[in-house]
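One-based numbering along the sequence shown. What you are looking at is a predicted structure, and each value in this text was computed from that prediction instead of being measured.
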Amino acid sequence: MTSNLDSRDPATAAGILRLGNAFCESQVLLTAAELGVFSVLHENPATEQELRARLGLSGRGLRDFLRLLVEFGLLGESGGRYHNRPAAEKFLVRGKQDYLGGLLQGLRAAIYPAWGGLAETLRSGRPQSSGASFAAMLTDPAALDRYARQMDGVLGVVGPLLVDAVDWSACHEVLDVGGCRGGLMGRLIAARPRLSGNVFDLPELEPLFHAHMAEIGLTGKVRFHAGDFFRDPLPPADVLILGHVLHNWAGKDREMLVRKAFTAVNPGGVLLVHDRMLDDNLSRVDNLLASLMMVLMTDEGCEYPVAELTGIARAAGFSGIHHQPLGDNEMLVFCHKPPS
């Protein structure tokens, strides 16, 4: 089936209008994930009427909604019955390891509304969210759980790539700073069980961490260290990971966190940093959008160039600094601490 979803040529009126209407397409996907369409179809292919009953819908608009999901390439249809296409089966079925639905639900609940305030943020410089909003979320169990699952989704794509991008043979202790409920570390320890895994994050996340470790069968195999990386020292490690952390903060705070990481990394060890950095080898559109999202959602954060991180790491004492793409949009930077 031929789709015209990519016909957004800004040199034409139709292309400009398609670009302006792109938010409609995203809402179709976010809504399908919220309703659980793909999880229901994982159980059995279904007709429109069967889906209406299973999902508790009125039926109005359902046919067009399903046909759009077919046009997107997420669903297939044969003999009036809808089924998941391979990508939807892998990434959009609840309970599967690569499930991205937590991220999509976070986008729908928090990120999507924030984009409506882009003009206001550009005028005032103030974000649509703030540190106070984050602090309030920490006291709301439902919001905190949604945030943790959103972080799982963020790392769902890059996690397996990170496992394969690094030679883990020379290290023992690995620490994920800001590791939330252990989504990345769980993947790493499952793939490299001889490593000793550690997560450092705020104490409010510790119950979610233990629940997740039990869910994936790694209870006792990964340790949680409660603390605030602005106030507390980081535990020592052979490999320390700062993934999707530095882009939350201003340059001076990125410098402070890299200096703290240098202190925590054992001599001969390495700091790994990955973010959607602003580099010519990565997608300009996707990463510029990611940078604007940080402007909308944090007090001072944004994406940053590889060269900025390289300079910060070198000033902190790291050497042998090099980088490589991690998937389509991420950059992975290796910062080595000299042996003692």
Side-chain angles (χ1 to χ4, degrees), residues 97 138 144 147-156 158-249 254 256-275 313 316-318 326 330 332-337 339-340:
Q97 183 184 37
L138 293 174
L144 187 59
Y147 167 78
R149 293 178 186 276
Q150 180 180 343
M151 293 303 101
D152 285 350
V154 168
L155 294 169
V158 299
L161 300 175
L162 183 63
V163 171
D164 293 333
V166 178
D167 180 2
W168 304 96
S169 61
C171 62
H172 176 63
E173 293 283 347
V174 183
L175 173 69
D176 186 9
V177 177
C180 203
R181 66 174 196 154
L184 173 61
M185 194 53 60
R187 284 179 177 271
L188 176 58
I189 297 307
R192 304 287 188 272
R194 69 167 193 82
L195 295 174
S196 177
N198 301 268
V199 168
F200 182 93
D201 216 319
L202 296 169
E204 290 86 350
L205 287 156
E206 186 167 5
L208 296 179
F209 164 84
H210 289 301
H212 184 56
M213 291 301 107
E215 180 182 320
I216 62 177
L218 290 178
T219 297
K221 296 182 180 179
V222 181
R223 287 174 290 173
F224 188 91
H225 304 264
D228 182 330
F229 51 51
F230 282 113
R231 295 196 302 261
D232 303 316
L234 301 175
D238 302 315
V239 177
L240 189 149
I241 302 171
L242 287 173
H244 295 180
V245 170
L246 298 183
H247 68 180
N248 287 284
W249 314 103
R254 290 198 279 267
M256 181 275 294
L257 289 170
V258 171
R259 288 196 302 269
K260 270 197 168 186
F262 182 81
T263 300
V265 172
N266 293 329
V270 63
L271 164 66
L272 302 177
V273 179
H274 66 88
D275 266 322
F318 288 105
L326 190 66
E330 302 260 342
L332 175 62
V333 182
F334 297 75
C335 309
H336 295 271
K337 183 170 181 176
S340 56

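Rounded to the nearest 0.5 angstrom, I216 CD1 and R187 CZ are separated by 9.0 Å. Rounded to the nearest 0.5 angstrom, D164 CG and R192 CZ are separated by 6.0 Å. Note that the CG atom of L202 and the CZ atom of F224 stand 7.5 Å from one another [nearest 0.5 Å]. The structure places NE2 of H336 at 10.0 Å from CZ of F318, a figure rounded to the nearest 0.5 Å. The line from CZ of R254 to CG of L242 is 12.0 Å long, rounded to the nearest 0.5 Å. Atom CG of N248 and atom CG of D275 lie 8.0 Å apart (nearest 0.5 Å).
With hydrogens and angles ignored, the 3.5 Å screen pairs no side-chain donor or acceptor of K337 with any backbone N or O of A264. Between the side chain of R223 and the backbone N or O of S196 there is no donor-acceptor pair closer than 3.5 Å.
Here the closest non-hydrogen pair linking V258 and L271 is CG1-CD2, 4.3 Å. In terms of heavy atoms, F230 sits closest to D228 at N-OD1, 2.8 Å. The two residues D201 and C180 make their nearest non-hydrogen contact at OD2-N, 2.8 Å. When all heavy atoms of P193 and A190 are compared, the closest pair comes out as CD-O, 4.0 Å. Nearest approach of L234 to F229, heavy atoms of both residues: CD2-CB, 3.9 Å. Here the closest non-hydrogen pair linking V245 and V177 is CG2-O, 3.4 Å.
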List the atom pairs, with distances to 0.1 Å, where a side-chain N or O of residues 203-213 and a protein N or O form a donor-acceptor pair under 3.5 Å, not counting sequence neighbours.
unit_1, atom_1, unit_2, atom_2, d
E206, OE2, H210, NE2, 3.1

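Evaluation of the side-chain contact (heavy atoms from CB on, under 4.5 Å) rule for P235 yields L175, F200, H225 as partners, not counting sequence neighbours.
Listed by first and then second residue, the side-chain hydrogen bond (donor to acceptor under 3.5 Å, both in side chains) pairs involving residues 234-246 are D238-N266, H244-E330 (not counting sequence neighbours).
With contacts defined as side-chain heavy-atom distances shorter than 4.5 Å, the pair I241/L184 qualifies.
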